[in-house]
Number of protein chains: 2
Amino acid sequence: VKAMPLLQLTAESLMVSSEKVAHVQLNNPLEHALLILVKSGYSSVPVLDMNYQFHGIISKNAILNEILGLERFEMERLSEITVNEVMDHKVPTVLPSEHFLRCLKYLIDHPYIAVVNKNGDFDGILTRRAVLKEMNKYIHV
Amino acid sequence: VKAMPLLQLTAESLMVSSEKVAHVQLNNPLEHALLILVKSGYSSVPVLDMNYQFHGIISKNAILNEILGLERFEMERLSEITVNEVMDHKVPTVLPSEHFLRCLKYLIDHPYIAVVNKNGDFDGILTRRAVLKEMNKYIHV
Ligand SMILES: Nc1ncnc2c1ncn2[C@@H]1O[C@@H]2COP(=O)(O)O[C@H]3[C@@H](O)[C@H](n4cnc5c(N)ncnc54)O[C@@H]3COP(=O)(O)O[C@H]2[C@H]1O
Ligand SMILES: Nc1ncnc2c1ncn2[C@@H]1O[C@@H]2COP(=O)(O)O[C@H]3[C@@H](O)[C@H](n4cnc5c(N)ncnc54)O[C@@H]3COP(=O)(O)O[C@H]2[C@H]1O
């Protein structure tokens, strides 16, 4: 096992930067959010406001759960409900300078975490894939 | 960084065993598969046959993509199409005895991998969460 330069890495050094991250807006109707999620293929994406501030995440599962009625999926409700009403507001975020190894703890239970600077601006996301890829480099088989 | 007993771990030692894994059958209609995926909350689950042999995986995204028409999601088609027609048949699997570190390479691009024995029987899944949790134990901050 090679010595771990992992110890010097930060969230910023491994993150997918914001311009490459699919996202939706707080006040978008669920219909729009579901289309973005299906077209991009992602299970969940960040929710931002007009000023690029991070507010939480929205998933296909949250949307589908919301419209699942007793006998069918009530698709007509998608245009009546906004992202803000269904999204998960309570997700952890990290600063760009956060230590890679502290991020690892969050990624145990979250497929990705938002990287948000001190002013609340959204800088990008740190994904499990990026961390696993980095780990794999340091532990050669 | 502690010495890595990771080197002795196998897929079997870290997997979620089959009785705890939500799954669908090859010949189920998509309607049934979508309900299992929404009720369980999982993005994708394994597809098995009557003899508990592994055939691939099915995701919410594959189902929603299939029924996405020009103007709306054509939900009425869910009862006409089977899992077999939409699932991903070409996913990697590992043997229960497979080395943990070789599984790591697969998990870079797959959120989980199926653990399948030499006879093709489904034993369980190895998830990114289990691997990250194990890694975190060995690299203390
Ligand atoms: N278009 C694509 N091309 C190549 N591989 C793809 C892919 N879509 C998904 N994957 C693979 O599947 C994993 C799970 O994706 P999922 O959409 O469930 O979960 C994703 C998604 O919810 C979010 N995510 C990743 N990249 C994103 C982006 N550019 N924009 C918005 N959200 C993103 O972060 C989660 C974890 O991502 P991670 O990369 O660790 O892990 C990804 C990646 O390994
Ligand atoms: N009910 C729940 N309770 C607690 N945490 C939950 C959860 N559902 C999801 N998560 C968390 O979200 C991650 C992504 O779940 P996802 O459903 O996209 O992606 C999942 C899902 O597609 C599949 N999976 C995991 N456990 C499963 C099970 N018991 N049956 C069937 N599929 C499972 O493996 C993927 C990776 O799982 P992993 O555990 O690494 O990562 C999970 C886990 O950290």
Side-chain angles (χ1 to χ4, degrees), chain A residues 1-7 9 30-31 34-44 59-69 71-76 78-79 98-112 127-141, chain B residues 1-7 9 30-31 34-44 59-69 71-76 78-79 98-112 127-141:
Chain A
V1 176
K2 248 167 63 181
M4 293 260 182
L6 285 178
L7 296 170
L9 288 173
L30 284 189
E31 195 171 48
L34 189 58
L35 266 181
I36 296 275
L37 285 164
V38 176
K39 293 252 188 249
S40 69
Y42 296 122
S43 298
S44 107
S59 68
K60 282 185 189 113
N61 210 65
I63 296 173
L64 292 171
N65 246 321
E66 177 66 27
I67 60 167
L68 180 56
E71 294 173 17
R72 62 185 185 88
F73 288 96
E74 299 164 352
M75 305 304 274
E76 63 286 357
L78 288 173
S79 50
E98 186 67 83
H99 227 276
F100 166 85
L101 291 176
R102 191 175 300 284
C103 301
L104 180 58
K105 280 203 171 63
Y106 288 122
L107 289 170
I108 290 171
D109 287 314
H110 301 276
Y112 65 97
T127 63
R128 281 178 170 172
R129 181 173 184 285
V131 164
L132 288 166
K133 212 172 154 158
E134 203 58 32
M135 292 279 205
N136 190 53
K137 271 192 225 156
Y138 291 102
I139 308 176
H140 294 295
V141 190
Chain B
V1 176
K2 248 167 63 180
M4 292 264 182
L6 286 178
L7 295 168
L9 289 173
L30 285 189
E31 194 170 50
L34 188 60
L35 267 180
I36 297 274
L37 285 164
V38 176
K39 293 253 189 250
S40 68
Y42 295 122
S43 299
S44 106
S59 68
K60 281 184 189 115
N61 209 66
I63 297 173
L64 292 171
N65 246 322
E66 178 65 29
I67 60 168
L68 180 56
E71 293 175 16
R72 61 186 186 87
F73 288 96
E74 301 164 352
M75 304 304 275
E76 63 284 359
L78 287 173
S79 50
E98 186 66 85
H99 231 273
F100 165 85
L101 291 176
R102 189 175 301 283
C103 301
L104 180 58
K105 280 203 171 61
Y106 288 121
L107 289 171
I108 290 171
D109 286 315
H110 301 275
Y112 65 96
T127 63
R128 282 177 169 172
R129 180 174 186 283
V131 164
L132 288 165
K133 209 170 158 166
E134 204 59 29
M135 290 279 205
N136 188 53
K137 271 192 224 157
Y138 290 104
I139 307 175
H140 296 293
V141 188

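Naming convention: chains lettered A, B, ... in sequence-line order (proteins, then strands); numbering from 1 in each chain.
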| message | With a 4.5 Å cut-off on side-chain heavy atoms, are A/M75 and B/M75 touching? | response | yes
| Reported CE-to-CG distance for the pair B/M135 and A/L101, which is rounded to 0.5 angstrom | 11.5 Å
| request: Looking only at non-hydrogen atoms, find the nearest pair between B/L132 and A/L107 and report the distance. | output: CD1-O, 3.4 Å
| task | Compare every heavy atom of A/R129 with every heavy atom of B/I108, then report the nearest pair and how far apart it is. | result | O-CG, 3.1 Å
| task | Taking the side chain as every heavy atom from C-beta outward, state whether A/L64 and B/L64 have any atom pair closer than 4.5 Å. | result | yes
| Part of A/L68 lying under 4.5 Å from any heavy atom of chain B | side chain
| query | What residue in B/G41, B/S44, B/P111 has the most heavy-atom pairs under 4.5 Å with chain A? | reply | B/G41
| query | Nearest 0.5 Å, what's the NZ-NZ distance between B/K60 and A/K60? | reply | 8.5 Å
| Gap between atom CZ of B/F73 and atom CG of A/L78 - 0.5 Å precision | 7.5 Å
| From CA spacing to verdict: side chain to side chain contact (heavy atoms under 4.5 Å, CB included), B/L37, A/N61 | CA-CA 8 Å; B/L37 285 164; A/N61 210 65; 5.9 Å; no
